[in-house]
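Step one of this worksheet: look at the structure below.
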Amino acid sequence: MAMNLTQKLIAAHLLEGEMIQGQDIALRIDQTLTQDATGTMAYLALEAMDIPRVRTELSVAYIDHNTLQCGFENPDDHQFIQSVCRKFGVRYSRPGNGICHQVHLERFGKPGKTLIGSDSHTPTGGALGMLAMGAGGMDVAVAMGGGAYHIPMPKVFNIRLTGKLNPWASAKDVALYLLRILSVKGGVGAVMEWSGEGIKNLTVPQRATITNMGAELGATTSVFPSDEVTRVFLAAQGREADWQELSADEGAEYDRIIDIDLADVKPLLACPHSPDHVKEAAALSDIPVTQVCIGSCTNSSLADMLRVAAILKGKKIKDTVSLSISPGSRQVLTMLSRCGALEDMISAGARILECACGPCIGMGFSPSSGGVSVRTFNRNFEGRSGTRDAQVYLASPEVAAASALTGFITDPSTLGDAPVIAMPEVFAADDSGVLMPADPQEAVKLTVQRGPNIKPFPKGEPLPDTLAAKLTLKVGDNITTDHIMPAGAKILPFRSNVPKLSEFCFTVCDEQFPARALQNKRSFIIGGMNYGQGSSREHAALAPLHLGVRAVITKSFARIHVANLINAGILPLTFKNPEDYDLLSQDEDLVIENIYAGLESGEMTLRSLTTGKEIPLLCSLTKRQGDMLKAGGLLQYTKEMAE
Ligand code: MIC
Ligand code: SF4
């Protein structure tokens with residue numbers, strides 16, 4: 001049978017299950033990555049698994065999120081991760097070496113391999129023809145230990161490209177174009193597989209912008225074929241030996257086909273507060289801009305930076321605008337400084353930040369009150385920038401640089417001819433920012449360094465047959481993990497201290513929630529559609545767990561978050577009739593009985609002790625997921641299986 005590329009990658013790594021859409025499949029994982037904000041939890045879980053050494057082909061720990069170091073917390077976390085890496089066989093990418101997805105693409109990604117990462121933008125690796133997926137830290141720990149990664153067999157959408165981008169249109173505009181068609185939930189349960197004669201006109205970094213932002217569609221991942229363009233990129237990185245050609249078979253079938261002519265793509269922006277509120281730049285030109293931020297794992301490649309430098313060269317940014325530029329990696333920064341482009345940026349008035357996530361995750365550079373910030377990032381959820389009433393727009397580096405010059409949202413085609421960038425044939429490859437682990441004989445003697453902010457991994461409780469609890473919070477559609485567990489400079493330092501972190505849980509929606517949940521000891525949360533979209537942070541399950549949340553009932557869930565809830569031992573349920581959402585209000589006392597039977601039949605009944613109403617629920621879990629909940633979460637389940 002003719003297979004598409006996604007099916008081929010899955011078939012080559014399938015350990016268990018059948019490739020029937022929606023059924024649980026277990027995949028062998030070749031590579032893992034972690035970043036520091038989720039990494040401490042992943043490595044605490046790895047330690048708890050009691051294996052001497054990771055069993056993957058390659059595992060890398062990146063330090064790129066928590067780099068402000070306003071107190072001892074972040075540096076302690078870095079030291080902890082560094083010492084675990086040395087001992088357990090993981091490479092350690094030092095702070096300053098760059099953003100995980102950018103560095104992984106440059107130095108480690110390989111066509112045909114599977115990669116999971118404790119970060120939702122891990123699909124960036126799909127630009128190289130990898131099957132690269134975001135996952136919770138516990139799942140990454142299990143994969144490091146040699147265990148399988150479980151997902152429901154995805155649908156496969158084929159995005160067929162023809163033509164060529166206009167000079168001022170960019171890969172970011174292609175990503176936004178697709179978000180306008182599909183919305184932030186349009187990709188749930190699906191892989192976006194890109195093909196068509198137009199792909200040869202997109203470089204690997206451009207493809208990476210597209211696969212990166214596929215996360216905003218809710219997609220399982222996105223993937224490009226590995227072709228001549230891929231070979232040229234790997235050769236420029238001195239890694240041609242890692243190349244292999246990969247594509248779909250002739251006549252392969254897809255669940256949906258979307259055709260895009262690249263020539264139709266215009267400069268676009270995602271308006272506040274969602275990546276799918278997409279409008280044309282030309283239609284927003286009367287909006288004054290106070291801040292512009294260029295960088296993030298979406299748009300921080302050398303080519304992106306060179307275009308920005310060329311637009312800024314010889315000019316000054318508007319007095320009313322503050323411009324930050326964060327190159328994606330030390331490689332990019334080094335090359336910018338060698339060719340003089342860095343000077344063009346500095347002379348134009350840019351503030352150069354370190355090679356890290358920075359403003360993208362609210363680590364500094366928050367906008368002013370009510371400020372308008374144009375960012376080349378991938379998420380503009382409310383409050384994520386650190387300023388609750390800021391208006392954040394997502395755009396290409398070209399739109400961002402043009403807007404910094406004029407002080408208004410600007411379609412860059414109004415600036416005249418687009419700059420033509422000359423790319424070097426060979427990149428400055430220097431892996432000295434990635435520290436190698438100790439050899440196994442030395443490793444056994446090493447001890448892990450643990451600062452006082454690092455608290456033990458929170459333990460789930462085995463799921464009882466009857467759950468009675470108060471409905472302590474009811475929220476609406478498209479709740480992001482940034483709502484559930486906000487990040488930013490004040491909160492991120494506590495990512496390895498769940499009790500402290502949970503004081504901020506859901507405070508974006510309701511400041512009183514943490515206290516109310518603790519007081520009630522056990523609670524239920526009710527949500528709308530696409531609950532838990534966005535980041536992979538398992539803290540959005542661990543903090544509610546600490547606060548006593550035992551079940552979350554929604555109209556639908558996002559893929560990574562529902563897996564994180566189960567891993568934490570929290571029961572995820574959906575309404576059989578979505579309109580029943582309207583029947584429940586905060587503070588009602590609720591009960592679910594016969595849970596064990598419901599885990600098998602897939603149906604349960606929620607009864608309100610306050611109103612007497614009975615509401616049918618669905619519980620579409622696999623046997624393994626049911627067993628995990630009965631054990632109290634993935635860690636306990638893994639231990640039980642090992643005994
Ligand atoms: C994000 O972009 O939201 C993050 C911060 O990179 C997260 C991970 C985290 O919360 O630590 C993600 O995308 O998974
Ligand atoms: Fe970092 Fe932002 Fe990318 Fe998340 S989206 S990995 S915070 S740069």
Side-chain angles (χ1 to χ4, degrees), residues 33-42 61-68 74 77 81 93 95 98-105 116-125 132-137 139-140 172 175 208-209 211-216 218 221 275 293-301 304 324 326-329 332 353-365 375-381 383-386 392 394 480-489 491-496 501 504 532-543 558-561 563-564:
L33 70 80
T34 57
Q35 41 92 336
D36 47 333
T38 52
T40 41
M41 283 296 147
Y62 293 92
I63 307 293
D64 53 359
H65 280 62
N66 287 331
T67 54
L68 276 188
N74 292 167
D77 283 356
I81 294 175
S93 175
I99 304 174
C100 53
H101 310 302
Q102 176 66 25
V103 178
H104 207 83
L105 192 80
I116 66 166
S118 60
D119 192 281
S120 63
H121 290 104
T122 307
T124 312
M133 293 161 288
D139 284 318
V140 176
K172 180 62 155 279
T209 296
T211 50
N212 175 282
M213 255 197 116
E216 274 51 67
T221 187
C293 301
I294 298 176
S296 91
C297 57
T298 318
N299 277 121
S300 58
S301 66
D304 281 341
S324 77
S326 339
S329 67
V332 172
L353 307 184
E354 72 174 322
C355 306
C357 301
C360 179
I361 189 58
M363 291 302 263
F365 226 81
R375 302 175 155 214
T376 66
F377 306 165
N378 46 37
R379 291 186 173 145
N380 58 346
F381 305 143
R384 182 173 161 107
S385 64
V392 176
L394 307 175
T480 71
T481 44
D482 276 271
H483 290 103
I484 306 172
M485 204 47 263
I491 307 179
L492 271 183
F494 304 116
R495 278 289 181 94
S496 24
L501 194 71
F504 302 93
Q533 64 157 330
S535 150
S536 68
R537 59 191 73 149
E538 66 196 323
H539 303 82
L542 297 177
R559 179 186 71 90
I560 304 178
H561 185 63
N564 284 339

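One-based numbering, in listed order, for ligands and for the atoms of each. Everything quoted here is computed from the prediction, not taken from an experiment. Just so it is clear, the values below take in all heavy atoms, side chains as well, and ignore hydrogens, waters and symmetry mates. Positions are given from 1, in the same order as the sequence printed here.
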For I361, the ligand 1 atoms with a heavy-atom partner under 4.0 Å come out as 5 (C)
About how many Å separate SG of C297 and CE of M213, when rounded to the nearest 0.5 Å? 10.0 Å
Quick check: N378 and ligand 1, any N/O pair under 3.5 Å apart? no
Nearest atoms (heavy-atom pairs only) where I361 meets R537: CD1-NH2, 3.5 Å
H539, portion touching ligand 1 at heavy-atom distance under 4.0 Å: neither
So M41 and R495, do their side chains get closer than 4.5 Å, heavy atoms only? no
Quick one: which ligand 1 atoms are inside 4.0 Å of a heavy atom on R495? 9 (C), 10 (O), 11 (O)
Going by distance only, is there an N or O of T38 that falls short of 3.5 Å from an N or O of ligand 1? no
Does either side chain, that of H121 or that of T124, offer a donor lying less than 3.5 Å from an acceptor on the other one? no
Can you check which of H65, R537, R384, H121 brings a heavy atom nearest to atom 2 (O) of ligand 1? R384
So which heavy atom in the protein is nearest atom 8 (C) of ligand 1, and how far is it from that ligand atom? Q35 NE2, 3.1 Å
Using modelled atom types and a 3.5 Å cut-off, is there a donor and acceptor pairing between side-chain atoms of H561 and backbone atoms of A558? no
Any donor-acceptor N/O pair, Q35 side chain to T38 backbone, under 3.5 Å: yes
Judged by modelled atom types alone, do N212 and N378 share a side-chain donor-acceptor pair under 3.5 Å? yes
To the nearest 0.5 Å, what is the distance between CZ (F504) and CD1 (I491)? 5.0 Å
Sub-4.0 Å atoms of ligand 1 with respect to non-hydrogen atoms of S536: 12 (C), 14 (O)
Rounded to the nearest 0.5 angstrom, the CD1-OG1 distance for I116 and T221 is 12.0 Å
In this structure, does ligand 1 have an atom that sits under 4.0 Å from one of the heavy atoms of R379? yes
May I ask you to list the atoms of ligand 1 that are less than 4.0 angstrom from any heavy atom of A37? 11 (O)
Heavy atom of the protein closest to atom 13 (O) of ligand 1 (residue, atom name, distance): S120 OG, 2.6 Å
At a 4.0 angstrom heavy-atom cut-off, ligand 2 is contacted by H65, H101, D119, H121, S296, C297, C357, C360, I361, N378, R384
In terms of side-chain heavy atoms, does R379 have a donor or acceptor partner in S120 at a distance below 3.5 Å? yes
Per-atom filter on ligand 1: closer than 4.0 angstrom to a heavy atom of D119 are 4 (C), 6 (O), 7 (C), 8 (C), 12 (C), 13 (O), 14 (O)
Heavy atom of the protein closest to atom 7 (C) of ligand 1 (residue, atom name, distance): S535 OG, 3.2 Å
Donor-acceptor pair, distance only, cut-off 3.5 Å: does the side chain of T481 make one with the backbone of S535? yes
Checking side-chain polar atoms at under 3.5 Å, does Y62 have a donor or acceptor matched by the opposite partner on H101? no
